[in-house]
Amino acid sequence: WKTRISPDRVHSSQTLIPKRKLCISAVYELLRSSGLPDVRERTLIAIKPDGVQRRLVGQIIHRFEQRGFKLVGLKMLQASQDVLSEHYCDLRTKPFYNSLVRYMTSGPLVVMVWEGHNVVQTSRTMVGNTNPAEAQAGTVRGDFSIHVSRNVVHASDSVEGAQKEIQLWFQTKDLLDWDSWDQTSTGDV
Ligand SMILES: Nc1ncnc2c1ncn2[C@@H]1O[C@H](COP(=O)(O)OP(=O)(O)OP(=O)(O)O)[C@@H](O)[C@H]1O
Ligand SMILES: Nc1ccn([C@@H]2O[C@H](COP(=O)(O)OP(=O)(O)O)[C@@H](O)[C@H]2O)c(=O)n1
Ligand SMILES: [Mg+2]
């Protein structure tokens, strides 16, 4: 027990923190200050009610995992009008706004936070054009939908937008900062 814990862990005030975690934080800090890729960029992806109804949740999650992104938050919920009016505040004056809110409240959503290098822009590419009629085959919207009013997923469209949306939909305590084994030197836990 002792030999397993002591070489790998250090005391920090009340808690034991894995040394490996401290090292990883230091590496991320170094990457940030050196201008190297930010592997901790995060985005909000939501599977809309039509995606849930059509049992597409697994396939959509699979695409993000397969691409190499890391899931750090996930929940299923019924969206409130209040959250949606904040989420889509830029669209409040659009003629389709009311139908958009009806659509988004018509059933449960699966809301997720994904993390990884350039995840905001790459997710937008993976999701495809807002209008599925113009979305490329191979994208989520291009493969699973045909009309803009039922376009299956939401993806944040900028890093700043993603930060706001993540704060809107998630509490910090519900996002897990877990270590990916492929970013550590051994699989020893
Ligand atoms: N003309 C339209 N008719 C019906 N619904 C629309 C129309 N335009 C947009 N929407 C709906 O509003 C959503 C938000 O539009 P927006 O312009 O933000 O597209 P988006 O950024 O691709 O989508 P999202 O923000 O949901 O990821 C669209 O995803 C779609 O569901
Ligand atoms: N003409 C449009 C444009 C958007 N929308 C809906 O509004 C959502 C948000 O629009 P948006 O411009 O932020 O596009 P995305 O970010 O979703 O690609 C879209 O995903 C659609 O669901 C619509 O119903 N009709
Ligand atoms: Mg949008």
Side-chain angles (χ1 to χ4, degrees), residues 37-172 174-177:
D38 178 7
V39 293
R40 302 190 84 182
E41 184 174 303
R42 287 178 173 183
T43 197
L44 185 103
I45 302 293
I47 304 176
K48 297 181 176 183
D50 51 331
V52 175
Q53 292 292 335
R54 293 172 56 205
R55 318 296 202 265
L56 296 174
V57 173
Q59 290 190 67
I60 293 168
I61 289 178
H62 183 230
R63 289 180 180 219
F64 284 86
E65 287 193 326
Q66 193 176 35
R67 189 71 187 247
F69 292 124
K70 190 167 88 172
L71 185 61
V72 296
L74 171 80
K75 61 184 173 185
M76 188 177 208
L77 54 87
Q78 175 71 44
S80 69
Q81 304 260 348
D82 285 353
V83 171
L84 284 172
S85 68
E86 183 65 34
H87 178 83
Y88 281 136
C89 58
D90 295 345
L91 302 176
R92 273 184 207 158
T93 58
K94 300 279 185 189
F96 57 83
Y97 179 75
N98 287 337
S99 65
L100 173 60
V101 172
R102 275 199 303 277
Y103 160 47
M104 293 294 287
T105 54
S106 65
L109 307 175
V110 173
V111 190
M112 302 173 278
V113 177
W114 288 88
E115 182 180 286
H117 171 55
N118 210 27
V119 68
V120 172
Q121 199 187 317
T122 304
S123 300
R124 288 295 290 193
T125 307
M126 289 167 68
V127 161
N129 196 298
T130 301
N131 183 356
E134 289 168 29
Q136 302 259 341
T139 64
V140 176
R141 288 168 173 167
D143 288 351
F144 298 128
S145 55
I146 52 176
H147 195 268
V148 69
S149 61
R150 294 289 180 272
N151 61 359
V152 179
V153 274
H154 163 78
S156 309
D157 61 11
S158 66
V159 173
E160 298 69 35
Q163 284 163 357
K164 282 191 201 142
E165 290 175 4
I166 290 167
Q167 277 181 24
L168 178 66
W169 292 93
F170 282 90
Q171 295 190 293
T172 310
D174 294 328
L175 299 174
L176 292 192
D177 201 10

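One-based numbering along the sequence shown. Order of appearance sets the numbers: ligands from 1, and atoms from 1 within every ligand.
- A salt bridge links D143 to R63: at least one charged side-chain nitrogen sits closer than 4.0 Å to a carboxylate oxygen.
- Judged by distance alone, the side chain of S145 and the main-chain N or O of P132 form no donor-acceptor pair under 3.5 Å.
- Contact annotation: for K48 versus ligand 1, heavy atoms closer than 4.0 Å belong to the side chain alone.
- Some N or O of R141 is nearer than 3.5 Å to an N or O of ligand 1, by distance alone.
- Among H147, E165, H154, the residue whose heavy atom lies closest to atom 27 (O) of ligand 1 is H154.
- Under 4.0 Å from ligand 1, heavy atoms of T130 appear from its side chain as well as its backbone.
- With a 4.0 Å cut-off on non-hydrogen atoms, V127 does not touch ligand 2 at all.
- Taking every heavy atom of T130 and a limit of under 4.0 angstrom, the matching atoms of ligand 2 come to 4 (C), 14 (O), 15 (P), 18 (O), 19 (C).
- Protein heavy atom at the shortest distance from atom 18 (O) of ligand 1 is L91 CD1, 3.9 Å.
- Between F69 and F64, the ring-plane angle classifies as tilted under the 30° and 60° cut-offs.
- Residue-to-ligand polar distances place N151 within reach of ligand 1: an N/O pair is separated by less than 3.5 Å.
- Partner of R141 under the side chain to side chain contact (heavy atoms under 4.5 Å, CB included) criterion, out of I146, T130, N131: T130 alone.
- With a heavy-atom cut-off of 4.0 Å, M104 does not touch ligand 1 at all.
- No heavy atom of H147 sits closer than 4.0 Å to any atom of ligand 2.
- In terms of polar-atom proximity, A155 is counted as a contact of ligand 1, with an N or O under 3.5 Å from an N or O of the ligand.
- Ranking the protein heavy atoms by distance from atom 3 (C) of ligand 2 puts F96 CZ, 3.4 Å first.
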